[in-house]
There are 2 protein chains.
Amino acid sequence: MDTKERIILAGEELFSQRGYDATSVSLICERAGVSKGAFFHYFSSKEEFFLEILDRWLSDLSQKIESYFKEQDKVINGLLRTTIIFEDIFKESKEKFYLFLEFLRKGISDERILKKLGDYFKRYKEYFSLLIERGKREGSFKDIDSEVLSSLIISYSIGIILQQIFDKDSDWGRISREGVNLIISSIKKEDSKL
Amino acid sequence: MDTKERIILAGEELFSQRGYDATSVSLICERAGVSKGAFFHYFSSKEEFFLEILDRWLSDLSQKIESYFKEQDKVINGLLRTTIIFEDIFKESKEKFYLFLEFLRKGISDERILKKLGDYFKRYKEYFSLLIERGKREGSFKDIDSEVLSSLIISYSIGIILQQIFDKDSDWGRISREGVNLIISSIKKEDSKL
DNA sequence: AATATAATACCGACCGGTTGGTATGTAGGA
DNA sequence: TCCTACATACCAACCGGTCGGTATTATATT
């Protein structure tokens, strides 16, 4: 594996474990098995390094979500898959969600980060809304506000993952599945077949 | 105002603005208008200081939520108030939510913090479930799993607040109100009056 | 093919500045 | 006279980042 990749991998790991501030450049280098010279050869600053990790994460996410929705069947099935998607994306490595938390926290005081996150989630929400609109046209959904519903589903998914951090006893797989079913049952037309 | 209180207030403010690591003890002291001697006179370490702030925050939250639910009318109205409660608790000062984020992030690598947060949310969820069970007994709700529903509502509320950080254009007040209505409509018995 | 030149990849010692924490001192009330 | 409640001065450790240097590889010239 080449040096740059090794540094990035070490950075992702350490940032998600200890956060941005508590992770020193020296530690990243040590973990990656390279010198500080190598780090600053590839990245102009620690801040810039962090942004590169964010970019990688977001484009990775985009790809994954789009591939999920490529499978075109009944919209309602796509929605049913929602939480599975989220579970998959974040739990694939829970690390990744911690990293998300770290991005978010840094975003509070860093407009560049905030914009990147905002743009991404906006696109995601629009994507979702389109899906719901399609469902309405297909005749499977009642006439609900698609923005409200897509926000509801995204919020629910994020919240579920968040709660898993400090509640490790509950069966979150079951809860998330049944939760989505509840949401869907409320927007499904009675006469539409599942 | 006494010295200890002034230090804590400065700490809350700075931790939520810049995060734990980026806030130095010296800065806290400067903001509070006291010396470092005073800080270490009242708190044994920065870490301990942070935990004390967390404790205050959690007990504050408990009080607030319980007072909300003291107002005993139809359960369904209590649920309708849910998002308003969350909005109130966190948006009263959005600062407080950033602080929550900071607690959460530190909790990832600190079991003491994680346990405190976990215990609190568990109690909160139980409280919610009880409310829902009461609603079922009152005959206003269908026979839904109260754990699933309370998790759903909490997740939704947290997720909504989280999304507000990076999406400042949407009308989150409207979205959260309509979202809760959607949830409630799905669990309400047809024949029950609002 | 051999050589010269230049660009890239990387090392590790070092710098000024900041950090959490401590040691020491003192003013004032009991 | 002792204790509490602070203030001041200070320290070793660590921080992000720089810099002079070298080893390796790619390109141009003969």
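Within every chain, numbering begins at 1; the chains are lettered A, B, ... in the order of the sequence lines, protein sequences first and strands thereafter. Only heavy atoms go into these numbers, but all of them, side chains included; no hydrogens, no water, no symmetry mates.
- Of the residues in residues 13-26 of chain A, those lying under 4.0 Å from DNA chain D by heavy-atom distance are A:Thr23, A:Ser24, A:Val25.
- Taking the ring centroids of B:Phe15 and B:Tyr98, they lie at or beyond the 6.0 Å cut-off.
- For A:Glu52, the salt bridge (Lys or Arg N to Asp or Glu O under 4.0 Å) partners are A:Lys4, not counting sequence neighbours.
- With sequence neighbours excluded, no residue satisfies salt bridge (Lys or Arg N to Asp or Glu O under 4.0 Å) with B:Asp110.
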Show which side-chain atoms of residues 20-28 of chain B pair as donor or acceptor with protein atoms under 3.5 Å away, not counting sequence neighbours.
residue, atom, partner, partner atom, Å
B:Tyr20, OH, B:Glu47, N, 3.4
B:Tyr20, OH, B:Glu47, OE1, 3.0
B:Thr23, OG1, B:Leu14, O, 3.2
B:Thr23, OG1, B:Gly19, O, 2.7
B:Ser24, OG, B:Leu27, N, 3.1

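- Note on the helix from C:dA1-D:dT30 to C:dA30-D:dT1: terminal axis deviation equals 0°, with five pairs used at each end and the result rounded to 10°.
- For B:Phe40, there are no ring-ring contact (aromatic ring centres under 6.0 Å, His included) partners two or more places apart in sequence or in a different chain.
- The ring of B:Phe97 has its center closer than 6.0 angstrom to the ring center of B:Phe100.
- Contacts of A:Lys136 classified as salt bridge (Lys or Arg N to Asp or Glu O under 4.0 Å), with partners at least two apart in sequence or in another chain: A:Glu133, A:Asp143.
- Nearest heavy atoms, A:Leu117 versus A:Trp57: CD2-CZ3, 4.3 Å.
- In 5' to 3' order, the nucleotides of DNA chain C bounding all contacts with chain A (an atom under 4.0 Å from a heavy atom) are C:dA9 to C:dG12.
- Non-hydrogen atoms lying under 4.0 Å from DNA chain C are contributed by A:Val34, A:Ser35, A:Gly37, A:Ala38, A:His41, A:Tyr42, all within residues 29-53 of chain A.
- Taking the six-membered ring where tryptophan is involved, the planes of A:Phe121 and A:Tyr124 are perpendicular, since the angle between them exceeds 60° and thus also 30°.
- Within the structure, salt bridge (Lys or Arg N to Asp or Glu O under 4.0 Å) contacts touching residues 27-43 of chain B (residues at least two apart or in different chains) are B:Glu13-B:Arg31.
- Remark: B:Glu102 does not engage B:Lys106 in a salt bridge, criterion side-chain N to carboxylate O under 4.0 Å.
- Applying the salt bridge (Lys or Arg N to Asp or Glu O under 4.0 Å) rule to A:Arg112 yields the partners A:Glu48; only residues at least two apart in sequence or on another chain are considered.
- Protein chain A contacts DNA chain D over a range whose 5' and 3' limits, counting nucleotides with an atom under 4.0 angstrom from a non-hydrogen atom, are D:dC15 to D:dT18.
- A salt bridge between B:Glu178 and B:Arg174 is present, with a side-chain N of the basic residue lying under 4.0 Å from a carboxylate O of the acidic one.
- A salt bridge links A:Glu5 with A:Arg56; the closest basic N to acidic carboxylate O contact falls under 4.0 Å.
- Salt bridge absent: A:Arg123 and A:Asp119 never bring a charged side-chain N and a carboxylate O closer than 4.0 Å.
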